[in-house]
Amino acid sequence: MLESGPEMSLVCLTDFQAHAREHLSKSTRDFIEGGADDSVTRDDNIAAFKRIRLRPRYLRDVSEVDTRTTIQGDEISAPICIAPTGFHCLVWPDGEMSTARAAQAAGICYITSTFASCSLEDIVIAAPEGLRWFQLYVHPDLQLNKQLIQRVESLGFKALVITLDAPVCGNRRHDIRNQLRRNLTLTDLQSPKKGNSIPYFQMTPISTSLCWNDLSWFQSITRLPIILKGILTKEDAELAVKHNVQGIIVSNHGGRQLDEVLASIDALTEVVAAVKGKIEVYLDGGVRTGNDVLKALALGARCIFLGRPILWGLAYKGEHGVKEVLNILTNEFHTSMALTGCRSVAEINRNLIQFSRL
């Protein structure tokens with residue numbers, strides 16, 4: 001049966017955003033869209049991409065364009081993957097299970113959040129062949145961290161993503177007004193002594209004492225590659241290399257933590273320069289179009305990770321909505337590659353862009 005009406009009209013990622021705004025409850029919408037304080041960084045994540053201009057090359061035979069690449073040695077169909085976001089059941093009943101199925105179908109990586117609303121086991125059962133990484137908020141209880149890491153390793157997750165930029169929670173005014181946290185529970189972050197879910201607002205969840213020297217403990221308990229999420233400066237990028245991690249996600253937490261920091265795309269250049277090709281660098285924050293993906297790769301990102309747009313897709317039509325978001329962005333990226341003369345991801349380079357004087 002042919003779909004009609006609004007089903008046919010969502011042609012770009014911001015269309016999915018508009019649909020989500022119309023159909024989600026105010027508290028859920030605010031939770032997804034909200035930034036810290038005045039949301040300067042949240043908005044600048046998007047605006048910063050628009051300050052970059054493209055320098056296309058022509059007469060390059062783009063009859064075949066290949067969007068495939070690899071991250072940590074695993075092939076993905078395009079450099080467009082799914083960032084860790086929590087509580088997917090807020091927007092769709094099957095939550096993260098639907099997200100995982102969509103990622104598996106698309107042939108890309110899905111980073112599952114510590115704050116997932118489905119159990120890790122259910123997520124793996126839903127998409128057993130999918131490429132999965134796990135994002136960890138480091139808990140003050142080392143034994144709980146160890147238990148969780150061993151569990152994700154046994155479940156076939158391929159990397160451990162440690163979030164660095166949330167030793168305390170950012171000042172998210174909408175969530176405070178809506179008292180949202182009182183209605184959220186954590187399925188996976190359980191005390192070794194208890195089997196029940198922990199109310200999100202009761203958990204003293206994230207270690208405030210985590211420091212660089214603690215990374216060696218994580219390296220001692222897992223064989224998984226360790227990716228550090230939330231780095232924005234060359235100084236921290238250099239320390240990441242020094243401490244022998246395998247990757248960095250340049251991220252400001254979608255503008256939800258410290259407001260008025262650099263947009264992710266603006267921080268990317270100094271981080272890439274600092275690591276000197278020794279480890280892979282990725283980016284999240286503000287990606288909304290295929291051109292944005294191309295710009296991130298031109299500045300040295302190995303791939304990008306999508307946060308809010310995945311939730312918009314999930315809110316639209318579950319697994320199928322996420323597939324549509326990924327498909328639209330991948331098709332846009334394919335077009336951007338062809339129109340700039342790039343036949344493979346390896347041909348995307350710094351010469352394709354310049355920063356606008358506007």
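Remember, it's a predicted structure, so these values are computed and weren't measured experimentally. All heavy atoms count here, side chains included; hydrogens, waters and symmetry mates do not.
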Check: Do the side chains of L258 and L262 join up, straight or via other hydrophobic residues, at under 4.5 Å, putting them in one cluster?
Finding: no

Note to self: Does R60 have more than 12 heavy atoms from other residues, nucleotides or ligands lying within 6.0 Å of its CZ?
What the structure shows: yes

Check: Could you go step by step and tell me if C109 and I71 meet the side-chain contact (heavy atoms from CB on, under 4.5 Å) rule?
Finding: CA-CA 9 Å; C109 178; I71 53 173; 3.7 Å; yes

Check: side-chain contact (heavy atoms from CB on, under 4.5 Å) between L13 and T289: does it pass, once the steps are laid out?
Finding: CA-CA 7 Å; L13 269 55; T289 67; over 6 Å; no

Next item on the list: Side-chain contact test, heavy atoms from C-beta onward, threshold under 4.5 Å: evaluate it for T67 versus I80 and give yes or no.
Entry: no

Next item on the list: Might you point out which heavy atoms bring A296 and L268 nearest each other, and give the distance in Å?
Entry: O-CD2, 3.4 Å

Check: In terms of heavy-atom contacts, does NZ of K323 have more than 12 from other residues, nucleotides or ligands at under 6.0 Å?
Finding: yes

Margin query: With no hydrogens and no angle check, just 3.5 Å: does a side-chain donor-acceptor pair link S336 and N291?
Written below: yes

Next item on the list: Please round to the nearest 0.5 Å and tell me the distance separating atom CZ of R21 and atom CD1 of I32.
Entry: 11.0 Å

Notebook entry, point to check: Going only through I, L, V, M, F, W and Y residues with side-chain contacts under 4.5 Å, is there a path from L239 to V281?
Noted result: yes

Next item on the list: Count the heavy atoms belonging to other residues, nucleotides or ligands that lie under 6.0 Å from NZ of K158, then report whether that count exceeds 12.
Entry: no

Check: Any side-chain heavy atom of K242 sitting closer than 4.5 Å to one from W212?
Finding: no

Next item on the list: Could you check if a side-chain atom of N213 sits within less than 4.5 angstrom of a side-chain atom of H243, using non-hydrogen atoms only?
Entry: yes

Next item on the list: Flag the pair I162 / L160 as yes when at least one side-chain heavy-atom distance between them is below 4.5 Å, and no otherwise.
Entry: yes

Next item on the list: Supply the atom-to-atom distance W133 CH2 to D74 CG, rounded to the nearest 0.5 angstrom.
Entry: 8.5 Å

Notebook entry, point to check: CG/N244 to NZ/K278 distance, rounded to the nearest 0.5 angstrom?
Noted result: 10.5 Å

Notebook entry, point to check: Going by atom types only, do Q17 and Y316 share a side-chain donor-acceptor pair under 3.5 Å?
Noted result: no

Check: Which atom pair, heavy atoms only, marks the closest approach of D259 to S39?
Finding: OD2-N, 3.2 Å

Next item on the list: Mark yes or no for whether S98, through its side chain, and G318, through its backbone, hold a donor-acceptor pair below 3.5 Å.
Entry: no

Notebook entry, point to check: Is the backbone N or O of I46 less than 3.5 Å from a side-chain atom of R288, with the two atoms forming a donor-acceptor pair by type?
Noted result: no

Item checked: Non-hydrogen side-chain atoms of L294 and I348 separated by less than 4.5 Å -> yes

Check: Does R68 offer a backbone N or O that forms a donor-acceptor pair with the side chain of D66 under 3.5 Å?
Finding: yes

Next item on the list: Spell out, yes or no, whether I125 and I82 are grouped together once hydrophobic residues are joined by side-chain heavy atoms under 4.5 Å, including indirect joins.
Entry: no

Margin query: Could you tell me if R132 sits above the aromatic ring of Y110, with its cationic atom closer than 6.0 Å to the ring centre and no more than 45 degrees from the axis?
Written below: no

Next item on the list: Write down the atom of D284, the atom of S251, and the distance for their closest heavy-atom approach.
Entry: OD1-OG, 2.6 Å

Note to self: Using side-chain hydrogen bond (donor to acceptor under 3.5 Å, both in side chains), reason through E96 and S117 one step at a time and then give a plain yes or no.
What the structure shows: CA-CA 7 Å; E96 287 84 1; S117 45; 2.8 Å; yes

Notebook entry, point to check: What's the verdict on side-chain contact (heavy atoms from CB on, under 4.5 Å) for I328 and V11, showing C-alpha distance, side-chain angles and the deciding distance?
Noted result: CA-CA 7 Å; I328 286 169; V11 299; 5.6 Å; no

Checklist line | T222 and E153: side chain donor to acceptor below 3.5 Å | finding: yes

Check: Going by an N to O cut-off under 4.0 Å, is there a salt bridge joining E33 and R42?
Finding: no

Notebook entry, point to check: Are side-chain heavy atoms of I76 and T70 found at a separation under 4.5 Å?
Noted result: no

Item checked: N/O donor-acceptor pair under 3.5 Å between K295 side chain and I52 backbone -> yes

Check: Do L142 and L210 share a hydrophobic cluster, counting only Ile, Leu, Val, Met, Phe, Trp and Tyr and linking them when any side-chain heavy atoms are less than 4.5 Å apart?
Finding: yes

Note to self: Please evaluate residues L299 and L283 with respect to the criterion side-chain contact (heavy atoms from CB on, under 4.5 Å), reporting the C-alpha separation (whole Å), side-chain torsions for both, the decisive distance (0.1 Å), and the verdict.
What the structure shows: CA-CA 10 Å; L299 285 171; L283 173 137; over 6 Å; no

Notebook entry, point to check: With hydrophobic residues grouped by side-chain heavy-atom distances under 4.5 Å, do W217 and L148 end up in a single group?
Noted result: yes

Notebook entry, point to check: Does the D214 side chain pair with the main chain of C211, one donor and one acceptor, at a distance under 3.5 Å?
Noted result: yes

Item checked: S113 and Q135: side chain donor to acceptor below 3.5 Å -> yes

Check: Under 3.5 Å, side chain of S77 to main-chain N/O of A106, donor-acceptor pair present?
Finding: yes

Notebook entry, point to check: With distance as the sole test, does Q104 use its side chain to make a donor-acceptor pair with the main-chain N or O of E129 at under 3.5 Å?
Noted result: yes

Note to self: If we count only N and O atoms by modelled type, under 3.5 Å, do the side chains of D165 and H253 hold a donor and an acceptor together?
What the structure shows: yes

Next item on the list: Verify, without hydrogens or angle tests, whether N171 (side chain) and D37 (backbone) share a donor-acceptor contact under 3.5 angstrom.
Entry: no

Item checked: Taking every non-hydrogen atom, the tightest pair across S264 and V250 -> O-CG1, 3.5 Å

Item checked: Heavy-atom side-chain contact between R302 and T69 under 4.5 Å -> yes

Notebook entry, point to check: Side chains of T233 and E270: donor-acceptor distance under 3.5 Å anywhere?
Noted result: no

Item checked: Gap between atom CE of M337 and atom NE2 of H334 - 0.5 Å precision -> 7.0 Å

Checklist line | Point-to-point distance, once rounded to the nearest 0.5 Å, from CZ of F333 to CG of D292 | finding: 11.5 Å

Notebook entry, point to check: Can you name the closest pair of heavy atoms from I231 and I248 and give their distance?
Noted result: CB-CG2, 3.9 Å

Notebook entry, point to check: Taking atom types as modelled, is there a side-chain donor on R172 or Q257 under 3.5 Å from an acceptor on the other?
Noted result: yes

Next item on the list: Using the six-membered ring of F31, assess whether NZ or CZ of R256 lies under 6.0 Å from its centre and within 45 degrees of the ring axis.
Entry: yes

Check: So how far is it from D44 CG to D266 CG, rounded to the nearest 0.5 Å?
Finding: 6.5 Å

Note to self: With no hydrogens and no angle check, just 3.5 Å: does a side-chain donor-acceptor pair link H88 and T99?
What the structure shows: yes

Next item on the list: Give a yes or no on whether the backbone of L326 and the side-chain of T330 come within a donor-acceptor separation of less than 3.5 Å.
Entry: yes

Next item on the list: Side-chain contact test, heavy atoms from C-beta onward, threshold under 4.5 Å: evaluate it for F134 versus I111 and give yes or no.
Entry: no

Check: Got a salt bridge between R343 and E64, using NZ or NE/NH1/NH2 to carboxylate O under 4.0 Å?
Finding: no

Check: Between the side chain of Q72 and the main-chain N/O of A159, is any donor-acceptor distance below 3.5 Å?
Finding: no

Item checked: Considering all heavy atoms, the nearest A100-I123 contact -> CB-CG2, 3.7 Å

